[in-house]
Amino acid sequence: MIKDIDKRIMRALAGIRQAFRGIVSKVSTEGPVCTVRGQALANEDTVDLEMFQHYGFTSAPPTGAMQIILPLGGRTSHGVVIATEHGRYRMKALKQGEVAIYTDEGDSIVLSRGRVTTIRTGTLNIQANDAVNIDSPSVNVRHQLNVAEAIVGRGGLSITGGDGANVERLNAKDDIQVGGKSVKGHRHAVEGKISGTPI
């Protein structure tokens with residue numbers, strides 16, 4: 001009798017489809033939940049399966065990405081995509097504990113060991129309605145710095161450079177140092193006479 005029960009259980013389980021792998025062909029992010037079309041490994045078409053992702057993070061996997069499909073209730077038509085991966089674009093050689101966000105175009109944000117974060121992209125846009133605040137002992141700019149409006153310094157402001165610096169408008173509450181010389185106490189010759197300090 002026990003053997004008969006085991007056989008019935010095995011037959012019932014055989015009729016319930018287990019999780020399976022597939023390949024992504026198209027992703028739609030228009031609705032409240034992303035939907036995925038693709039193929040299973042046996043060339044079975046999977047149509048408009050919901051893809052669940054963690055709150056606060058969303059992505060649209062590129063064509064060719066692998067997917068893991070979980071048939072809810074054992075039915076493929078009620079399947080959901082619970083994970084995706086693409087071996088070609090996935091960032092490799094990460095150290096244990098590191099985290100990365102990446103795209104198929106090579107853009108990435110990597111949180112590396114030693115508390116170093118690296119952003120790689122073509123153009124980085126930051127849009128803030130109120131302010132962008134940087135609290136750091138040092139801010140380094142390797143190449144040209146373009147300022148559309150004003151640079152305001154509440155303390156001293158020093159400008160140095162082999163080729164000089166071009167600033168259209170500059171406001172400093174205390175003083176400005178240009179080439180190591182104070183603008184506040186600067187004098188120069190005017191028609192053979194030494195001028196007073198700037199007002």
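Side chains are part of it too, since the values below use all heavy atoms of this structure and drop only hydrogens, waters and symmetry mates. Counting begins at 1 with the first residue of the sequence.
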- Message: Can you confirm whether Arg113 sits close enough to Glu98 that some side-chain heavy atom of one is under 4.5 Å from a side-chain heavy atom of the other?
- Response: yes
- Gap separating the CZ atom of Phe20 from the CD1 atom of Ile69, nearest 0.5 angstrom: 4.0 Å
- Query: Is Val139 close to Ile134 at the side-chain level, that is, under 4.5 Å between some pair of heavy atoms?
  - Reply: yes
- Query: With distance as the sole criterion, is a donor-acceptor pair present between the side chains of Gln53 and Ser59 under 3.5 Å?
  - Reply: yes
- Any side-chain heavy atom of Asp45 sitting closer than 4.5 Å to one from Arg37? no
- Quick one: does Cys34's side chain get under 4.5 Å of Thr58's, heavy atoms only? yes
- Message: Is there a side-chain contact between His86 and Pro61 in this structure, where contact means two heavy atoms from C-beta onward sitting under 4.5 Å apart?
- Response: no
- Using a distance-only test with no angle check, is there a side-chain donor-acceptor pair under 3.5 angstrom linking Asn125 and Thr123? no
- Note on the structure: When every non-hydrogen atom of Leu70 is compared with those of Ala19, the smallest separation belongs to CD1-CB, 4.0 Å
- Between Val132 and Ile126, does a side chain to side chain contact (heavy atoms under 4.5 Å, CB included) hold up when you go through it step by step? CA-CA 8 Å; Val132 175; Ile126 300 175; 4.0 Å; yes
- Task: Would you mind reporting whether Val80 and Leu72 have side-chain heavy atoms less than 4.5 Å apart?
- Result: yes
- Query: When rounded to the nearest 0.5 angstrom, what is the spacing between OG in Ser108 and CD1 in Ile119?
  - Reply: 9.0 Å
- Query: Can you name the nearest heavy-atom pair linking Val110 to Ala100, along with the distance?
  - Reply: CG2-CB, 4.2 Å
- Does Met51 reach the side chain of Val33, with side-chain heavy atoms less than 4.5 Å apart? no
- Message: Return the OG1 to NZ distance between Thr63 and Lys26, rounded to the nearest 0.5 Å.
- Response: 10.0 Å
- Salt bridge Asp107-Arg120, side-chain N to carboxylate O under 4.0 Å: no
- Least distance between heavy atoms, Met91 atom then Tyr102 atom: CG-CB, 3.7 Å
- Single-linkage hydrophobic cluster Tyr55~Phe52, side-chain heavy atoms < 4.5 angstrom: no
- Task: Heavy atoms only: give me the nearest Leu49-Gly79 pair and the separation to one decimal.
- Result: CD2-O, 3.5 Å
- Item | Minimum side-chain heavy-atom gap Ile68-Val81 below 4.5 Å | no
- Spacing of Gln96 atom CD and Leu94 atom CG [to the nearest 0.5 Å]: 11.5 Å
- Message: Does atom NZ (Lys95) have a neighbourhood of more than 12 heavy atoms from anything else shown, all under 6.0 Å?
- Response: no
- Message: Would you compute the distance between atom CD of Gln144 and atom CG of Asn146 and round it to the nearest 0.5 angstrom?
- Response: 4.0 Å
- Message: Ring centres under 6.0 Å, that's the criterion: do His54 and Phe57 meet it?
- Response: no
- Item | Shortest non-hydrogen contact between Gly64 and Ile23, atoms and distance | CA-CG2, 3.8 Å
- How long is the gap from CE on Met66 to CD on Glu85, to the nearest 0.5 Å? 5.5 Å
- Message: Using the rule given for side chain to side chain contact (heavy atoms under 4.5 Å, CB included), can you reason through Val36 versus Thr46, listing the C-alpha separation, both sets of side-chain angles and the distance that settles it, and then say yes or no?
- Response: CA-CA 8 Å; Val36 180; Thr46 56; 6.0 Å; no
